[in-house]
Amino acid sequence: MSLFAQRRSILFNAQINENFYPCDGVNPPTTYSVVTQESNCTMFCQKIVPGTGIFITEIACGVGCCTRKTPFCINGPNEIVFGSPIFENTVPCSNNSTIWPISITCPQGSSPLEICNPACSKL
């Protein structure tokens, strides 16, 4: 979702301002960056209901920190040139004094699909 929102925001701004972070011929772009942060660590749970389907629930299982910086520039109408993202300020997931992995209980009738994922996995 964060990548979708990032792209839509850049395209919107480029449409209303033709001088919005134009590419200067340097590839990959290095001048401008989109910064996205996430602090929730999450895991998925599944519940199989016969005759209905599989229900997937995403639950918070701890708190951490991750910052993604993605360089970009605009090369023309609807053309964003992205560089490679850089992840920094990474803090492992924790739940009070416990460090990841954390044991979290899924909603009743559900079972965990995986362990607690660090905040960077959502970016």
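Only this structure's heavy atoms are used, side chains among them; waters, hydrogens and symmetry mates stay out. Just so you know, these numbers come straight off a predicted model, no measurement behind them.
For residues 74-83, no pair satisfies salt bridge (charged side-chain N to carboxylate O under 4.0 Å, His left out), with sequence neighbours left out.
Pairing each heavy atom of Val81 with each of Cys23, the nearest pair is CG2-SG, 3.9 Å. Scanning both residues, Pro118 and Cys41, for their nearest heavy atoms gives CA-SG, 4.1 Å.
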Donor-acceptor contacts, no H, no angles, side chain residues 42-57, under 3.5 Å, sequence neighbours left out:
from  : atom 1 : to    : atom 2 : distance (Å)
Thr42 : OG1    : Glu58 : OE2    : 3.3

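A heavy-atom distance below 4.5 Å is not found between the side chains of Ile80 and Asn75.
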